[in-house]
There are 2 protein chains.
Amino acid sequence: MPRNGDEVRLRLQEAALELYLERGYDKTTTGDIAARAGVTERTFFRHFADKREVFFDGEAQLRDLLTGAVAAVPAGTKPLPTLRAAFHQTVPLIERNLPITQRRAPVIAATPALKERALAKSAALVAALTDALRARGVAEPIAALCAQVGMDTYSIAVRRWGADRTDDLHTHLDRAFTDLRLAANALK
Amino acid sequence: MPRNGDEVRLRLQEAALELYLERGYDKTTTGDIAARAGVTERTFFRHFADKREVFFDGEAQLRDLLTGAVAAVPAGTKPLPTLRAAFHQTVPLIERNLPITQRRAPVIAATPALKERALAKSAALVAALTDALRARGVAEPIAALCAQVGMDTYSIAVRRWGADRTDDLHTHLDRAFTDLRLAANALK
DNA sequence: GAAAGTGCGTCAGCTACTGACATGAAGTAG
DNA sequence: CTACTTCATGTCAGTAGCTGACGCACTTTC
């Protein structure tokens with residue numbers, strides 16, 4: 001077996017995904033994953049903090065892309081339009097990741113422990129977006145509200161796109177943000 | 001020690017809170033909690049599914065209150081105004097729970113595992129609100145979006161209220177929903 | 001070519017969590 | 001009053017997630 005650390009990491013991720021799909025998360029032990037990847041259990045935990053984390057890699061990449069995109073939006077743009085523009089920048093990455101995302105989806109849906117971790121990852125993105133908005137001069141409470149609401153809208157757009165791919169992700173994004181504007185306009 | 005099941009449950013919750021405050025979540029074992037409550041570790045797991053769950057009780061109560069309040073809003077009210085009205089109905093409960101909520105807050109803030117569980121509880125509330133909106137005839141994608149966004153706004157109002165209690169929770173609620181409307185109006 | 005760094009194996013151990021069975025208190029039927 | 005049932009708990013044995021310590025082999029660097 002190759003000793004290259006990065007390759008081991010990839011093999012562990014692939015092995016975990018396969019096993020979770022074959023027998024489910026609960027009936028897969030970390031030892032099983034390590035064995036299929038050709039390493040020991042101890043090595044599994046050198047690459048991933050826990051049994052869930054092996055499933056969620058590349059979230060840091062999305063975070064960096066998003067915060068960079070927020071910073072690149074012309075000054076003076078309001079918070080939610082800023083976020084919408086940033087989300088549009090992520091479309092190629094999301095499209096590229098679709099195959100692996102779709103393989104993971106059923107496992108996450110069937111596993112509460114993985115749902116929890118997915119929520120935590122999303123919350124980390126919201127925190128990063130909040131910081132990015134504050135760096136643009138958005139006041140604290142508004143920044144947190146917009147980051148959270150923007151992320152929800154983004155998530156729903158991606159979800160709808162995954163379920164119905166007749167329209168592209170850009171279209172779904174604009175549609176979701178329009179839905180948000182219309183819904184919020186009904187508030188008095 | 002009394003054998004009444006409910007009382008054991010309360011003692012376990014109180015013991016867990018005390019110990020988490022004294023030495024932190026990670027340095028507290030389920031055996032410690034059980035011992036302080038005067039029972040065995042096995043009994044702990046008969047009352048709570050896991051070490052985190054002992055910290056989050058009464059979320060079901062809030063869920064029932066919220067879904068009932070949504071159902072009670074006059075027909076024809078738009079989704080977000082419906083939710084805002086329902087959230088106002090929960091103010092007495094939130095105020096009553098403030099003392100215990102404030103004791104828990106620092107522990108949750110310091111413990112990633114508890115943050116994750118808190119997010120999961122919030123997500124469960126969003127799911128319940130989505131169902132409640134759909135029961136009122138709101139279309140699926142709009143219901144999910146509004147439930148999620150409404151919950152965010154609610155959470156932020158409660159958070160602001162906890163940090164600055166010069167205004168009451170009703171005021172913070174209206175303020176947060178106004179912020180939402182204004183932010184969303186900037187979307188073209 | 002020696003020294004330092006690194007990725008991995010091995011082993012020992014802790015703790016969260018579960019299943020199976022026993023016990024003993026409390027209520028209920030006869 | 002006794003017998004039967006029910007139910008919360010105790011006891012015990014076991015699995016699995018996760019960690020620290022140590023040693024080894026391979027790679028890098030000077």
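Proteins come first, then strands; the chains are lettered A, B, ... in the order of their sequence lines, and each starts at number 1. Remember, predicted model here, so these are calculated numbers, not experimental data.
- At the heavy-atom level, A:T29 lies under 4.0 Å from the strands shown only through sugar-phosphate atoms.
- Out of D:dT9, C:dC8, D:dA21, the shortest distance to the side chain of A:T43 is found at C:dC8.
- The distance from atom CZ of A:F44 to atom C1' of C:dC8 is 16 Å, rounded to the nearest whole Å.
- Atom C1' of nucleotide C:dT18 and atom CG of A:D26 are separated by 13 Å, given to the nearest angstrom.
- Closest to the side chain of B:R46, out of C:dC8, C:dC21, C:dC17, is C:dC21.
- Test B:R104, B:R103, B:R9, B:R36 against B:E14 for salt bridge (charged side-chain N to carboxylate O under 4.0 Å, His left out) and you get one pass: B:R103.
- At least one side-chain heavy atom of A:D32 sits under 4.5 Å from a side-chain heavy atom of A:R23.
- Closest to the side chain of B:K51, out of D:dG17, C:dA16, C:dT10, is C:dA16.
- Between A:E7 atom CD and D:dT27 atom C1' the separation is 16 Å, expressed in whole Å.
- A:S122 contributes no side-chain N or O that, together with a main-chain N or O of A:A118, makes up a donor-acceptor pair within less than 3.5 Å.
- The distance from atom NZ of B:K27 to atom C1' of D:dT19 is 15 Å, rounded to the nearest whole Å.
- Rounding to whole angstrom units, CZ of residue B:R52 and P of C:dT15 are separated by 17 Å.
- Rounded to an integer number of Å, the gap from A:R9 CZ to C:dC8 P is 11 Å.
- The side chain of A:T40 has C:dG9 as its nearest neighbour among C:dG9, D:dT9, C:dC17.
- Note: CD (B:E41) to P (D:dG14) measures 17 Å, nearest angstrom.
- At least one cation-pi condition fails for A:R159 and A:W161: the charged atom is not both under 6.0 angstrom from the six-membered ring centre and inside a 45 degree cone around its axis.
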*Given side chain to side chain donor-acceptor pair (under 3.5 Å), test B:H172 with B:D164 step by step and report yes or no.*
CA-CA 10 Å; B:H172 278 284; B:D164 167 24; 4.7 Å; no
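- Note: CZ (A:F45) to C1' (D:dG20) measures 14 Å, nearest angstrom.
- For D:dA8, neither phosphate oxygen OP1 nor OP2 lies less than 4.0 angstrom from any side-chain nitrogen or oxygen of B:H47.
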